[in-house]
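Working notes, structure below.
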Amino acid sequence: MNDKDLRVGSIKDGTVIDHIDAGSALKVVQILGIDENIEDIVSIAMNVPSAKTKTKDIVKVEDRELASDEVDKIALIAPEGTINIIRNYEVIEKNKVNLPKFIKEVVRCPNRNCISNTDEPIKSEFQVINKNPVKLRCVYCERAIEQNVSEHIK
Ligand code: CTP
Ligand code: ZN
């Protein structure tokens, strides 16, 4: 990639989440729990021209190597996402996101009467029925989420 095309500078150390579907970067940031309380340096690029797809989003988190379970939740909204671990400017590891079999806490059950939506100390949990397109089923009430998963992310 030449500098002319580089919207956000290279990072020295950290994690680059690349090939996020255009428009989904802010959801990725939300899933990672990145908000006004964090101190890491975070760069978000949206609608960047891409060779493989027409456009993509990119999120770079400096000085933090994200845990794989953290990153796997990103597969809910970025099934083509790649996770690059950067050390001393080099990509030392590159992995595709991989949706785990169960998703805890990230998604809210659409069933208002579900026990995971009450005051009980129960965290939401969904079984992944299908990876692409993503289909989920609540382990408590069996309610399915078969489309627009991102609308159900807490
Ligand atoms: N990157 C970065 N800082 C670095 C090295 C890489 O921010 N020091 C970013 C690149 O800008 C790119 C991603 O990390 O968005 C992956 O880098 P690289 O593997 O070099 O790019 P590609 O070969 O284009 O990756 P892919 O094959 O996954 O498209
Ligand atoms: Zn439920």
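Values below: every heavy atom of this structure, side chains too, minus hydrogens, waters and symmetry copies.
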Rounded to the nearest 0.5 Å, what separates atom [atom1] in [X] from atom [atom2] in [Y]?
X      : Y      : atom1 : atom2 : answer
Ile41  : Ile11  : CD1   : CD1   : 9.5 Å
Thr15  : Ile85  : OG1   : CD1   : 4.0 Å
Ile145 : Cys109 : CD1   : SG    : 6.5 Å

Would you check if [X] and [Y] make a side-chain contact, meaning some heavy-atom pair closer than 4.5 Å?
X     : Y     : answer
Asp57 : Val28 : no
Lys96 : Glu80 : yes
Asp21 : Pro79 : yes
Val42 : Glu62 : no

Looking at [Y], is its backbone amide N or carbonyl O close enough to the side chain of [X] to form a donor-acceptor pair, meaning the two atoms are under 3.5 Å apart?
X      : Y      : answer
Ser43  : Val8   : no
Lys135 : Gln147 : no
Asp18  : Thr82  : no
Tyr140 : Ile122 : no
Asn117 : Asn111 : yes

For atom [atom1] of [X], decide whether the heavy atoms of other residues, nucleotides or ligands shown that lie under 6.0 angstrom number more than 12.
X      : atom1 : answer
Lys154 : NZ    : yes
Asn37  : CG    : yes
Gln127 : CD    : yes

> When you check the gap from the basic side-chain N to the acidic O, do Arg64 and Asp40 get nearer than 4.0 Å?
Replying inline: yes

What I want to check is whether the side chains of Asn98 and Lys131 have a donor and an acceptor closer together than 3.5 Å. yes

